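What follows is one structure encoded as structure tokens, with my remarks underneath.
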2 protein chains.
Amino acid sequence: MLQRRIDDHAPPSRESMREAQDIFYKHLKRVGLKHTDQRDTILRTFLETRDHLSTDELFRLVRKKDAKIGFTTVYRTLKLLAECGLASAVPFPDGMARYEHQFNRRNHHHMVCTECDASVEFFSPEVNKLEEEIGRKYHFDATRHNFQIYGICEDCRKRTRRPI
Amino acid sequence: MLQRRIDDHAPPSRESMREAQDIFYKHLKRVGLKHTDQRDTILRTFLETRDHLSTDELFRLVRKKDAKIGFTTVYRTLKLLAECGLASAVPFPDGMARYEHQFNRRNHHHMVCTECDASVEFFSPEVNKLEEEIGRKYHFDATRHNFQIYGICEDCRKRTRRPI
DNA sequence: AATGAAAATGAAAATCATTTTCATTTAGGG
DNA sequence: CCCTAAATGAAAATGATTTTCATTTTCATT
Ligand SMILES: [Mn+2]
Ligand SMILES: [Mn+2]
Ligand SMILES: [Zn+2]
Ligand SMILES: [Zn+2]
């Protein structure tokens with residue numbers, strides 16, 4: 001699924017990769033699970049992209065590195081990554097479960113174009129403040145939120161000659 | 001799915017029901033579709049509740065009024081209602097498609113308890129303002145948004161003796 | 001290094017919400 | 001009333017997700 005960026009990014013450095021693996025393997029140890037090559041490969045592949053990947057899309061990327069890794073293992077690993085905070089589900093309107101990595105990454109939200117399905121990330125500390133305020137106001141122990149804006153992206157607007 | 005309210009509400013009056021039917025049938029006429037008893041019954045049933053209903057849940061309610069109406073018709077009618085703005089999908093984390101009616105209803109958002117799955121509606125004009133501002137800032141023609149807060153509801157917090 | 005119990009793997013099957021198909025019935029303009 | 005396009009609903013298809021299970025692997029302990 002197309003994704004447009006408004007910020008730069010470099011692939012993760014060797015050491016930040018280590019750092020993330022550390023988080024993952026500490027989590028595995030904590031819940032009594034084991035370290036495997038498959039999990040390593042899947043984590044590395046996942047961190048190398050900033051896309052919003054479906055399980056199948058990640059599976060296809062993983063398969064390029066190790067064709068013997070099965071879909072089921074990718075599916076299960078993605079769940080583990082979400083458990084320890086390295087991944088989080090992004091609810092896009094295509095209905096499929098999609099994940100993005102949350103390692104060394106600036107907190108952001110998404111605008112989704114209803115015309116071309118592209119998503120654009122944006123940054124808004126105000127949204128985070130709102131979560132807090134509303135939680136306090138309604139006696140709700142808020143831990144996270146989800147905010148997405150739907151509409152027509154700049155490109156689609158230009159394409160259809162319909163200025164804002 | 002449990003839903004707690006912080007505002008009062010009465011069942012729709014006879015005349016507001018008419019008003020909604022009018023919107024629906026104008027829409028049907030516009031797109032060349034026909035008026036049927038089934039569609040009437042489904043719309044009435046849908047407007048009588050403020051819950052966030054899955055297709056199957058609405059189907060069960062509809063069935064009480066007319067046992068001959070099929071699931072497929074409910075499914076299709078819900079789509080039509082969404083088309084003309086009388087219904088809108090609410091993306092709750094249980095993964096199922098859920099709809100709430102949007103007729104004569106105050107604009108609101110949802111807090112969802114990750115412990116008991118209950119949802120609480122809240123009101124925040126600030127969120128609407130944010131949609132506008134962000135759209136303007138990023139040259140995105142924003143038409144709608146989705147904002148949900150996840151956390152632990154008051155009841156669950158009391159139950160587990162873990163004050164905020 | 002060898003052992004063995006617990007966990008991991010991956011192919012295949014199961015699940016289940018959603019969507020489509022299709023034979024039959026119905027709405028509604030003329 | 002007639003005719004045609006649309007509606008209906010049962011059944012089947014779809015497709016993402018999840019489970020099952022036989023086999024393999026990890027790793028703490030000898
Ligand atoms: Mn993102
Ligand atoms: Mn609601
Ligand atoms: Zn677009
Ligand atoms: Zn709760």
Side-chain angles (χ1 to χ4, degrees), chain A residues 1 21 24-45 52-84 87-99 117, chain B residues 1 21 24-43 45 52-84 87 89-99 117:
Chain A
M1 190 159 288
Q21 284 179 339
F24 190 29
Y25 287 116
K26 288 241 173 71
H27 173 71
L28 290 180
K29 185 145 280 179
R30 190 164 44 239
V31 293
L33 303 180
K34 289 169 181 175
H35 182 171
T36 69
D37 287 351
Q38 288 94 328
R39 285 175 175 165
D40 246 337
T41 303
I42 294 165
L43 172 59
R44 253 183 305 113
T45 310
H52 309 116
L53 297 173
S54 69
T55 310
D56 195 64
E57 284 165 0
L58 180 56
F59 169 62
R60 285 159 196 277
L61 292 178
V62 164
R63 203 163 48 173
K64 288 184 198 164
K65 297 199 175 152
D66 181 348
K68 293 200 296 304
I69 295 178
F71 175 89
T72 316
T73 302
V74 174
Y75 161 79
R76 287 186 280 225
T77 303
L78 224 23
K79 275 198 158 177
L80 290 172
L81 292 175
E83 270 176 29
C84 64
S88 72
V90 206
F92 282 134
D94 71 349
M96 248 180 301
R98 288 181 177 279
Y99 294 85
D117 287 335
Chain B
M1 191 160 287
Q21 283 178 339
F24 189 30
Y25 287 116
K26 289 239 174 71
H27 173 72
L28 290 180
K29 185 144 280 180
R30 192 163 43 238
V31 294
L33 303 181
K34 290 170 180 173
H35 181 173
T36 69
D37 287 350
Q38 288 95 328
R39 285 175 176 165
D40 246 336
T41 304
I42 293 166
L43 172 59
T45 310
H52 309 115
L53 296 173
S54 69
T55 311
D56 194 64
E57 283 165 1
L58 180 56
F59 168 61
R60 285 159 195 278
L61 292 177
V62 164
R63 204 164 47 173
K64 288 184 196 164
K65 297 199 173 150
D66 181 348
K68 293 199 296 304
I69 295 178
F71 175 87
T72 315
T73 303
V74 174
Y75 161 78
R76 287 186 280 226
T77 303
L78 224 23
K79 275 198 159 177
L80 290 171
L81 293 174
E83 270 176 30
C84 64
V90 206
F92 281 134
D94 72 348
M96 248 181 300
R98 290 182 175 280
Y99 294 84
D117 287 334

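All of these numbers come straight from a predicted model, not from anything done at the bench. Every chain is numbered from 1, with letters handed out A, B, ... down the list of sequences.
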Distance (rounded to the nearest 0.5 Å) between B:Y75 OH and B:T77 OG1: 11.5 Å

Here the distance between atom C1' of C:dA27 and atom NZ of B:K29, to the nearest Å, is 11 Å

For residues 31-42 of chain A, which residue pairs qualify under salt bridge (Lys or Arg N to Asp or Glu O under 4.0 Å), counting only residues two or more places apart or in two chains? none

To the nearest angstrom, how far is A:Y25 atom OH from C:dA8 atom P? 11 Å

Gap between atoms CG and C1', on A:D40 and D:dT25 respectively (whole Å): 15 Å

Which angle, rounded to 10°, do you find between the first-five-pair axis and the last-five-pair axis of the helix from C:dA1-D:dT30 to C:dG30-D:dC1? 30°

Roughly how many Å is it from CG in B:D94 to P in C:dT18, rounded to a whole number? 9 Å

Quick one: list whatever passes salt bridge (Lys or Arg N to Asp or Glu O under 4.0 Å) with A:R60, sequence neighbours left out. A:D56

Nucleotide by nucleotide, 5' to 3', does protein get under 4.0 Å of the base (B), only the sugar-phosphate (S), or neither (-) in nucleotides 3-12 of chain D, counting heavy atoms? --BSSBBBB-

Going by side-chain contact (heavy atoms from CB on, under 4.5 Å), B:V74 matches just one of B:T55, B:L53, B:T45, B:T41. Which one? B:T55

Upstream residue (5' side of DNA chain C) when A:H35 and B:G95 are each assigned their closest nucleotide: A:H35

To the nearest 0.5 Å, what is the distance between CZ (A:F71) and CG (A:L58)? 9.5 Å

Tell me whether A:K65 at atom NZ has more than 12 heavy atoms from other residues, nucleotides or ligands lying less than 6.0 Å away. yes

Quick one: salt bridge (Lys or Arg N to Asp or Glu O under 4.0 Å) partners of A:R98, sequence neighbours excluded? A:E57, A:D94

Set of residues satisfying ring pair (Phe, Tyr, Trp, His ring centres under 6.0 Å) with respect to A:Y99, sequence neighbours excluded: none

Rounding to an integer number of Å, can you tell me how far B:M96 CE sits from C:dT19 P? 13 Å

